[in-house]
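Heads up: the structure comes next, in structure tokens.
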2 protein chains.
Amino acid sequence: MSITMAELRQKFRDRQYKLTSQRQTILQAFLDHPDRHLSAEDVYTIVRKQSPEIGLATVYRTLELFNELDIVQRLDFGDGRQRYEINETSTPHHHHHLICLSCGKVKEFGDDLLETLESAIAKRSKFAIVDHQLKFYGYCQECQKRREG
Amino acid sequence: MSITMAELRQKFRDRQYKLTSQRQTILQAFLDHPDRHLSAEDVYTIVRKQSPEIGLATVYRTLELFNELDIVQRLDFGDGRQRYEINETSTPHHHHHLICLSCGKVKEFGDDLLETLESAIAKRSKFAIVDHQLKFYGYCQECQKRREG
DNA sequence: CTTTGTGCAAATGATTTGCAGTGTC
DNA sequence: GACACTGCAAATCATTTGCACAAAG
């Protein structure tokens, strides 16, 4: 379950942020595209259909804010732009990505085995670990077929 | 063991690339700083001491080439610039990074447990996995102390 | 009404590219 | 000598910032 519009209102009230129509529209863009990993430009394109006067800078500033408030999570797939996905409120943002080197498709998978590894590493390195990111690169089923054929 | 200058010469001869003094100097920069994760700008600064006339564009082009030839490996620590580390010839580039969120220091650790996870994921997702990247974010021992103190 | 947020345009910063001259094979 | 490689400067592209105006609480 992602954050709802009502929860957004609450969260913003708590911290004295103003709930502008632009911010609502941007959240809505994520709610309408739950499966995609949107870049700032993607969000801009979607949101302009509703609010043509919105500025790209506002999109960037809002994404930055949403990221800080854990409403979205910033991702980096190495394609030269930051991407964002909406956070699930229940599961504390831990799933990872399989990136197809051929078509760029991104698949997700949950994690759990990694927890063990994390605490072992933490102990050995004396780091206080707060987050991790795991990415696998390879070729998806379709691209494998396309290559064989 | 990293690549030697002689091996570089061989590798370049095989593929008809020209072994210019700039390329040698850039490799030397990595050999002289085996422990660091150098950005293009870092390399440029180091290399200019030897060859003041070298251009930043050449550094970028060479790093791109070295990366393709697996002489170095491109890394992304999310600090807005690509970094490169020299590849070990023996172990097929698989170790990972602990990134300190406070001072930016990067520590390394080997992996092995991840292999199991990788094959499980590969089977379930039907991806042909060729590489992976794992990063842990946290606070290093020094920064932890500094925060407490 | 106060203060935060917005749109616009200009600035930034890493990386790339066009081109004419240079050095390796 | 041919052709890949270089240096330089200009171009790109994502992202950030300064500023005058607008809107939320």
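Note that the coordinates shown come from a computational prediction; the quantities given were computed from them, not determined experimentally. Per chain, numbering begins at 1; letters A, B, ... match sequence-line order.
- Atom CZ of A:Arg124 has 12 or fewer heavy atoms from other residues, nucleotides or ligands within 6.0 Å.
- The 12-atom threshold is not exceeded at CD of B:Gln50, counting heavy atoms of other residues, nucleotides or ligands nearer than 6.0 Å.
- Each of B:Gln16 and B:Val59 has a nearest nucleotide on DNA chain D; the 5'-most of these lies closest to B:Gln16.
- Classification of B:Arg74 and B:Glu64 as a salt-bridged pair holds, one side-chain N sitting under 4.0 Å from a carboxylate O.
- Applying the side chain to side chain contact (heavy atoms under 4.5 Å, CB included) test to A:Ser119 and every residue at least two apart in sequence or in another chain returns nothing.
- The nearest whole Å value for the distance from the CD atom in A:Gln22 to the C1' atom in D:dC21 is 13 Å.
- In this structure, A:Glu64 places its CD atom 13 Å from P of C:dT6, rounding to the nearest Å.
- Ion pairing between a basic and an acidic side chain is recognised when a charged N comes within 4.0 Å of a carboxylate O; B:Lys135 and A:Asp131 show no such pairing.
- Between B:Asp14 atom CG and C:dC25 atom C1' there is a gap of 15 Å when expressed in whole angstrom units.
- Between the side chains of A:His33 and A:Glu85, no donor-acceptor pair of N or O atoms lies under 3.5 Å.
- With B:Asp14 as reference, B:Gln10 is the one residue of B:Lys11, B:Gln16, B:Gln10 to meet the side chain to side chain donor-acceptor pair (under 3.5 Å) rule.
- When heavy atoms are screened at a 4.0 angstrom cut-off, A:Glu41 is found touching no nucleic acid atom at all.
- With rounding to whole Å, A:Tyr17 atom OH is found 17 Å from C:dT6 atom C1'.
- One atom, OH of A:Tyr44, and another, P of D:dA14, lie 13 Å apart when rounded to the nearest Å.
- Here C:dG5 presents its C1' atom at 13 Å from CZ of A:Phe66, a figure rounded to the nearest Å.
- At C:dT16, none of the side-chain N or O atoms of B:Tyr60 fall inside 4.0 Å of OP1 or OP2 (strictly under the cut-off).
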| How does protein reach along nucleotides 17-23 of chain C, written 5' to 3' as B (base within reach of a heavy atom under 4.0 Å), S (only sugar-phosphate), or - (no contact)? | BB----B
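- Nucleotide C:dG5 holds its C1' atom 14 Å from the CD atom of A:Glu53, rounded to whole Å.
- Atom pair B:Asp79:CG and D:dT16:P shows a separation of 14 Å (rounding to whole Å applied).
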